[in-house]
Each structure stands twice: as C-alpha cells, then as structure tokens.
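Position 1 is the first residue of the sequence; numbering continues from there. All values derive from a computational prediction rather than experimental measurement.
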Amino acid sequence: VPVSLLLEALEGVDTHGMNIHPKILEVVDYLPSAASMAGEHDTLADLSPDQEANFHRQARALLEKPGSGGPFGGPEGEGPRNTVLSEALERMAEPDEEPFSLEEETLFLKVSSHVRSALYDLLEQASTPEAAADCAARLVSLVEEDLGMGDWESFLSAWEESRKVAAAARDKRPWVEECMDKAWGSAFAPETMSHLCLMILKQGWDNSGRLVKLFDDSAAAAAGPLVDALVEEDNKSVRGVMLNLITRLSSHTLPHVLKKMSDPRWFVARNMLTILQRMGNPDAAAEARKQLTHAHPKVRVEALRTLARLDPARAINPIVVFVRDPDPDVASGAISVAGLVKDKAVADALVSLVSGGRKLRSGGREAAKRLQAVRALAFMGDPSVLPELFKVATARRLFSGADADKLKRAIFRSVESYPPGPAWNDFIQAGMKDDDPEIVDIARRLKHRLSKQELQ
C-alpha cells in the first residue's frame with residue numbers, strides 16, 4: 001500500500017517537464033522496508049480510511065509544496081517536525097502518539113537525505129527558472145528541518161552542495177544560481193544565525209572554517225539576519241562571535257547596522273556605534289555626528305568616541321564642549337575620549353579643566369574629573385602643557401586635603417609620560433624640596449632620565 005500511494009504522489013513532480021530520478025524511487029522503497037524493520041509501526045493497511053486519506057494527501061504534498069513556513073516550525077510554531085514529510089511519518093507511528101523515538105528520528109533524517117539527493121538531481125535537470133525555483137524551495141525546506149533538529153552538519157553540507165550545483169549551471173542556466181540564492185535567503189533567519197554562531201563558539205574559530213566560509217559566501221543574504229540576531233542575543237559569548245562576523249562582513253552588514261541606529265532602545269544604538277568603531281569605515285562618521293544629540297547620555301558618549309576614531313578632526317569641537325557638560329557621566333566620557341584626539345584645542349580644554357577656578361573639596365566629582373584630565377593629557381603627551389600643569393601643582397590655593405594631594409601627585413607622576421625636556425626642570429627643583437616622599441622619588445627619577453638624555 002505505501003508504494004502505490006507514494007507512486008501516485010510522485011506523478012505530481014512532472015509539472016515542469018522534469019523526469020523522475022531513480023533516487024526518488026529509492027525513497028519509495030525505503031519507507032515501507034524501514035517501517036517493517038523497526039517493528040514499532042503499523043502498515044498503512046492497518047490505518048483507518050481517514051488516516052489513509054490524510055497520509056495520501058501529505059505524501060503528495062511532500063513533492064508538490066516547499067514545506068513549512070519557517071526554520072524551526074510551521075506558522076503556528078508547533079516545533080521542528082511541523083512539515084509535510086514529518087507529518088507523513090508520524091501517521092505511520094503507533095496510535096498512542098508518543099514522541100518520536102531515536103529510531104524514528106534517525107528514519108526522518110535518512111529519508112530527508114534521500115529526498116535531498118533526489119532534489120539536487122532534479123535541480124541539475126531543471127530546464128526553466130520555474131522548475132529550478134520549485135526544486136530549490138523544496139530543498140531548503142528540508143534543510144531547515146535538519147537544522148531545527150540540531151543537525152547543523154546536514155545544513156552545512158546542503159549549502160556546500162547547492163553552491164556546487166549552482167556553479168556548474170552558471171554559464172548555461174544562470175537562473176539556477178538565482179533561484180538557489182533566493183531560496184537560501186529564507187533559511188538565513190535570525191534564529192539560524194544564532195544557531196550557527198553557537199556552533200562556531202563550541203568548535204572554536206580554528207575548527208570552524210567551513211562555517212565561516214558559509215557566512216563569507218552568503219554575506220548578502222546573511223548580513224541583515226546576523227545583525228538582527230545580535231540585537232536579540234542573550235548569550236555574551238555568542239554575541240562575541242556575531243560581532244566578529246559582522247565586522248568581517250562589514251561591506252554587507254554596514255547598511256543594516258546603520259538602520260538599527262533608529263531602534264528606540266538606547267542600548268541598541270550604543271552597541272551599533274561600538275560596531276561602527278570596529279568596522280573603521282569613515283563613511284559612518286556622519287551617523288556618529290547625528291547621534292551626538294541622542295537623548296541618552298551613554299549614546300552621546302559612544303557617538304563621540306566613534307567620531308574620534310572615524311573622523312578625529314570633526315570630533316575636536318564636540319570634545320571641547322562635552323568635557324564641560326553638566327552631566328558628570330557625559331563629561332567623564334568626553335575626557336576619556338579626548339586622549340584619542342591629539343589636538344591643541346582639546347589639550348587646552350583639559351588643562352583648563354585641571355586648573356579650574358575653585359578649591360577642591362573632599363570626595364567631590366570635581367576632583368575625579370581633574371585626575372582623569374591629567375591622565376588624558378599624559379596619554380596625549382604634548383610637552384607644551386607642562387608649564388600650566390606645574391602652575392596647578394604648585395598653586396597653594398588649590399591644595400588642601402587628601403584630594404588635592406592626590407591631584408598634585410598625579411601631575412608629578414604624569415610628567416614621566418612626556419618626552420624629557422627643559423620643562424622637566426621646574427618639576428625636578430620643586431619636587432626635590434617637597435615634603436611628600438613619593439614626589440621626591442619622582443623628582444629624582446626625572447633628574448636621572450634628563451641627565452641621561454643630555455649625555456646622549
């Protein structure tokens with residue numbers, strides 16, 4: 001009975017002038033023999049008329065329709081077996097409707113492999129774009145099921161085989177490749193991206209060459225879903241894999257990253273700006289400038305950092321303004337960015353911040369900002385600011401209390417980050433007479449380094 005029903009279903013294949021390949025008949029032979037060997041299935045002859053009619057309908061649909069509506073289940077999300085093929089197999093199970101056993105899942109995967117092989121042959125013979133599209137859609141539907149059942153190896157192998165078939169037909173039948181690309185586009189959903197990135201994480205980059213190549217070869221189709229997957233991914237380690245892939249495929253992912261900047265969630269905009277920094281594409285600087293007025297302070301700071309990396313010249317004025325921002329988090333963020341832009345206007349703004357006009361108060365944010373500015377200036381390393389810093393370090397009106405002492409030490413300590421020169425002499429002379437032993441030690445080191453420099 002199964003053979004006659006499936007043979008009748010196979011008649012629907014010849015809708016575009018394609019011949020039935022012998023491998024499809026292997027599937028027909030395999031189903032009843034596997035069912036009888038398992039010893040757990042009823043034959044179709046034992047089914048009720050309604051069950052038999054339903055199996056007939058689904059067997060025909062197997063070879064006439066692309067399959068389910070998504071990579072992990074049908075329209076109602078009933079799970080990875082919600083497709084024409086798996087429903088047909090379930091009708092062969094015991095009436096108690098228990099979940100699939102390991103043997104039954106193995107049967108499903110083997111049948112899927114047989115049908116997939118047959119579809120490759122039919123795709124190679126497809127004489128029209130319509131025929132190729134039909135085969136490609138059916139093939140990808142089965143492949144999505146394999147991935148839904150955790151068989152990523154079959155997913156990957158099917159992708160590689162599809163590329164070979166498309167390449168072989170490229171000269172005489174270019175529509176085959178176009179149809180394959182379109183069909184595979186539906187398989188690259190965000191869920192699929194998360195699954196494949198998890199596989200890379202488990203295997204390690206060095207052992208994931210085939211998976212990485214899949215992303216390289218399908219960059220246009222995978223770019224959007226990959227960015228979407230990153231936004232929703234909870235696993236930090238998987239996000240790291242996604243970030244690396246998005247950066248690697250930047251020529252394709254950049255438009256999707258820019259599009260995500262309009263997401264109402266502030267952390268999404270901030271994360272997209274971080275990706276733009278990693279990409280290093282100067283064309284994204286315009287988007288960074290736009291985000292300088294974002295409502296959330298963390299996004300504004302990240303936009304400033306992005307601009308400093310992509311277009312330093314345009315970041316100068318915003319930095320000068322932001323270091324004086326009334327929001328202490330924005331001001332602190334701007335100071336940390338200032339060290340990336342080695343410009344005199346920025347240096348002058350930081351010196352002005354260090355000198356201030358008020359006495360330092362213990363535990364205040366003002367003291368923390370000045371210490372941060374001193375470190376930023378040291379990172380920039382412009383010796384022209386040293387005379388002004390010396391004035392601050394020796395201005396008694398500023399120094400009273402622990403925070404003032406910290407600032408003075410920080411200034412003396414920072415001098416060692418600047419190139420040796422005449423400006424060191426003032427710090428050496430004042431430091432040797434200071435009451436603070438740490439400052440005296442710094443002055444001695446400065447004197448020793450300056451002596452060696454003069455001898456050279």
Close side-chain approach of Phe322 and Arg300, heavy atoms under 4.5 Å = yes
key: Side-chain touch Ser162/Leu139, heavy atoms, less than 4.5 angstrom   = yes
inquiry  = Quick check: Trp159 with Phe215 (ring centres under 6.0 Å apart)?
reply    = no
query = Looking at Trp424 versus Phe390, is the centre-to-centre ring distance below 6.0 Å?
reply = no
query = Is it true that a side-chain atom of Ser352 and a backbone atom of Ala349 form a donor plus acceptor pair closer than 3.5 Å?
reply = no
query = Any side-chain heavy atom of Arg210 sitting closer than 4.5 Å to one from Glu153?
reply = yes
message = Testing Leu307, Asn281, Asp283, Leu258 one by one against Leu276 for a side-chain contact (heavy atoms from CB on, under 4.5 Å), which residue passes?
response = Leu258
ask   = Quick one: do Arg170 and Glu177 make a salt bridge, cutoff under 4.0 Å?
value = yes
inquiry  = Within the 3.5 Å criterion, strictly below it, is a donor on Ser336 or Arg305 matched to an acceptor on the partner's side chain?
reply    = yes
inquiry  = Counting neighbours of CZ on Phe379 that are heavy atoms of other residues, nucleotides or ligands and sit closer than 6.0 Å, is the number greater than 12?
reply    = no
request  = State plainly whether the residues Glu232 and Arg265 are in salt-bridge range, i.e. N to O under 4.0 Å.
outcome  = yes
query = Has the side chain of Arg370 got a donor or acceptor atom that lies under 3.5 Å from a matching backbone atom of Leu407?
reply = no
task = Could I get the full list of salt bridge (charged side-chain N to carboxylate O under 4.0 Å, His left out) partners for Lys298, not counting sequence neighbours?
result = none
Note: Arg163-Glu160 ion pair, threshold 4.0 Å (strictly below) = no
ask   = Is any side-chain heavy atom of Glu302 less than 4.5 Å from a side-chain heavy atom of Asn271?
value = no
request  = Look at the side chain of Asn244 and the backbone N and O of Val241, then say whether any donor-acceptor pair between them is shorter than 3.5 Å.
outcome  = no
inquiry  = Taking side-chain contact (heavy atoms from CB on, under 4.5 Å) as the criterion, tell me which of Ile439, Ile442, Leu386 meets it with Phe427.
reply    = Leu386
request  = Indicate yes or no: does Asp441 engage Arg445 in a salt bridge with an N to O separation below 4.0 Å.
outcome  = no
query = Does a side chain donor of either Gln372 or Ser332 reach within less than 3.5 Å of an acceptor in the other side chain?
reply = yes
key: Side-chain heavy atoms of Arg278 within contact of Leu243, under 4.5 Å   = yes
query = With side chains defined as the heavy atoms from C-beta onward, is the minimum distance between Thr192 and Pro225 less than 4.5 Å?
reply = no
request  = Please name all residues satisfying ring pair (Phe, Tyr, Trp, His ring centres under 6.0 Å) with His296, sequence neighbours left out, ordered by chain then number.
outcome  = Trp266
task = Considering only NZ, NE, NH1 and NH2 on the basic side and carboxylate oxygens on the acidic side, decide whether Asp403 and Lys408 come within less than 4.0 Å.
result = no
